[in-house]
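Before any comments, here is the structure.
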Amino acid sequence: MTATKPNAQNTKRKKVSNQRFELLDAILITILTLWGLAIFLPFVNVVSVSLTSYKEYLETPLLLFPKQIDFGSYQELFKDGRIWIGYKTTLTMLLVSVPLSIFLTSSTAYALSRRGYPGRKFFFMVILFTMLFHGGIVPLYLVVKSLNLTNTIWSVVLTTCMNTFYMILMYNYFGSLPESLMESARLDGAGEWTILFRIVLPLSMPIIATILLFYSVDRWNEWFQSMIFIRKSSIQPLQLILRSIVIDSQVLDTQAAQVSIEETPFTNGIKMAAVMATMIPIMCVFPFLQKHFAKGVMVGAIKS
């Protein structure tokens with residue numbers, strides 16, 4: 001009798017704990033499902049509004065599945081020649097800025113992660129200081145203007161070529177690599193550049209892919225620096241072009257009350273089409289880097 005009592009109590013405790021975990025699981029699943037719907041449904045609404053007609057949108061503003069696909073908003077968006085200028089400028093910035101940013105970030109992180117580098121702690125603190133305190137946009141503009149870089153893409157490329165936070169991520173990742181690899185390469189006569197490009201970088205593809213994605217998204221969404229330094233309409237990036245298109249459509253909204261529905265442009269549809277034109281290219285790049293993304297963020301964020 002005494003032996004069976006504890007067993008019965010243990011069984012009861014296990015049942016209670018199983019029920020408790022099942023209840024917590026149900027609560028977490030419910031919260032995550034609601035959170036996922038809160039993210040997914042607005043995205044579906046953006047896609048649907050960009051693919052519907054003005055008449056159908058007036059009937060059902062909260063539209064999830066259009067009854068009839070209409071590409072009129074995309075036709076109006078791409079009919080404007082400015083968007084092709086935006087794509088050209090943004091792609092040029094990507095091709096120039098991202099390789100330069102990866103080179104500067106990886107070489108700086110490698111130098112600071114080597115324990116024998118003289119004064120590396122001092123230089124690391126100086127670079128970290130720039131992340132915490134910024135000189136301001138006015139001194140930056142004066143420097144760019146003194147170098148005659150305004151109204152050129154170099155004003156954006158050079159002022160955003162290295163991010164301190166991304167460098168710290170790469171610095172932590174390089175610091176987690178075994179020092180014996182570098183020492184054996186030095187014994188074989190390899191220099192620092194050879195070690196960086198033939199040993200360190202091939203072993204650091206997760207963090208390289210992560211930082212590459214970060215820089216690509218930053219350059220694709222760049223608009224603030226361009227708005228300050230670039231006044232020429234012929235070299236404005238995509239985000240500035242889409243901003244001007246959206247502003248123009250808002251101006252048309254004020255005139256819509258005086259015009260019939262057939263003659264009124266579908267401004268909300270043009271806005272949503274502009275959002276999709278911005279999102280789709282970068283969404284196509286993400287799946288190719290996704291397998292390295294999580295590992296690069298986790299390892300790069302933990303200091304060895």
Side-chain angles (χ1 to χ4, degrees), residues 18-74 76-78 83 86 90 163 165-166 169 206 209-224 227 237-250 252-253 256 265-302:
N18 289 335
Q19 291 176 357
R20 186 180 301 168
F21 279 115
E22 289 175 0
L23 179 61
L24 289 175
D25 289 341
I27 293 173
L28 288 174
I29 290 172
T30 303
I31 293 174
L32 291 175
T33 301
L34 294 175
W35 185 262
L37 290 175
I39 297 173
F40 181 69
L41 291 180
F43 176 76
V44 175
N45 180 250
V46 169
V47 177
S48 300
V49 172
S50 68
L51 292 173
T52 192
S53 62
Y54 193 15
K55 184 178 180 181
E56 186 177 354
Y57 176 75
L58 291 176
E59 295 173 354
T60 54
L62 187 59
L63 187 66
L64 295 179
F65 301 102
K67 297 177 182 177
Q68 188 174 0
I69 301 297
D70 188 353
F71 292 97
S73 298
Y74 288 95
E76 290 293 329
L77 177 66
F78 288 102
I83 194 169
T90 299
N163 186 292
F165 176 69
Y166 301 162
L169 288 179
T210 303
I211 301 302
L212 176 66
L213 180 63
F214 285 169
Y215 275 125
S216 300
V217 173
D218 288 347
R219 296 294 79 75
W220 184 263
N221 294 328
E222 167 59 42
W223 68 275
F224 182 71
M227 182 179 65
L238 180 62
Q239 303 300 328
L240 273 185
I241 297 296
L242 294 180
R243 176 177 174 270
S244 62
I245 291 175
V246 169
I247 291 175
D248 293 345
S249 65
Q250 290 176 345
L252 291 175
D253 277 339
F266 185 19
T267 55
N268 281 332
I270 296 174
K271 294 176 188 177
M272 301 307 174
V275 172
M276 295 305 300
T278 308
M279 291 175 57
I280 289 176
I282 204 68
M283 288 174 63
C284 294
V285 175
F286 187 81
F288 296 101
L289 303 174
Q290 186 178 8
K291 62 180 180 180
H292 301 296
F293 184 75
K295 184 180 178 182
V297 171
M298 292 301 296
V299 178
I302 300 173

What is the distance from atom [atom1] of [X] to atom [atom2] of [Y], rounded to the nearest 0.5 Å?
X: Asp218; Y: Tyr166; atom1: CG; atom2: OH; result: 3.5 Å
X: Leu240; Y: Met227; atom1: CG; atom2: CE; result: 7.0 Å
X: Asn221; Y: Met279; atom1: CG; atom2: CE; result: 10.0 Å
X: Ile29; Y: Leu34; atom1: CD1; atom2: CG; result: 12.0 Å
X: Ile241; Y: Ile83; atom1: CD1; atom2: CD1; result: 8.5 Å
X: Trp35; Y: Thr33; atom1: CH2; atom2: OG1; result: 13.5 Å

Side chain [X], main chain [Y], donor-acceptor under 3.5 Å:
X: Trp220; Y: Thr278; value: yes
X: Ser48; Y: Val44; value: yes
X: Thr90; Y: Leu238; value: yes

Exercise. Just wondering, are more than 12 heavy atoms of other shown residues or ligands nearer than 6.0 Å to CZ in Phe78?
Worked result: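 Yes.
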For this session: Please report the closest heavy-atom contact between Thr52 and Ser73, naming both atoms and the distance.
Result: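 Scanning both residues, the minimum pair turns out to be O-OG, 4.4 Å.
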For this session: Quick one: closest heavy-atom pair of Met276 and Pro281, and the distance?
Result: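 Minimum heavy-atom separation between Met276 and Pro281: O-CD, 4.4 Å.
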For this session: For Phe71, check ring pair (Phe, Tyr, Trp, His ring centres under 6.0 Å) against everything at least two apart and list the hits.
Result: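 Phe71: no ring pair (Phe, Tyr, Trp, His ring centres under 6.0 Å) contacts found.
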For this session: List for me each residue that meets ring pair (Phe, Tyr, Trp, His ring centres under 6.0 Å) alongside Tyr74, sequence neighbours excluded, and say none if there are none.
Result: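 With sequence neighbours excluded, Tyr74 shows a ring pair (Phe, Tyr, Trp, His ring centres under 6.0 Å) to no residue whatsoever.
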Exercise. After noting the C-alpha distance and the side-chain angles of Leu242 and Leu77, does the key distance pass the side chain to side chain contact (heavy atoms under 4.5 Å, CB included) rule?
Worked result: CA-CA 9 Å; Leu242 294 180; Leu77 177 66; 4.3 Å; yes
Problem set entry | Matching residue for Ile27 among Asp25, Ile31, Thr30 - test: side chain to side chain contact (heavy atoms under 4.5 Å, CB included) |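 With Ile27 as partner, side chain to side chain contact (heavy atoms under 4.5 Å, CB included) holds for just one option, Ile31.
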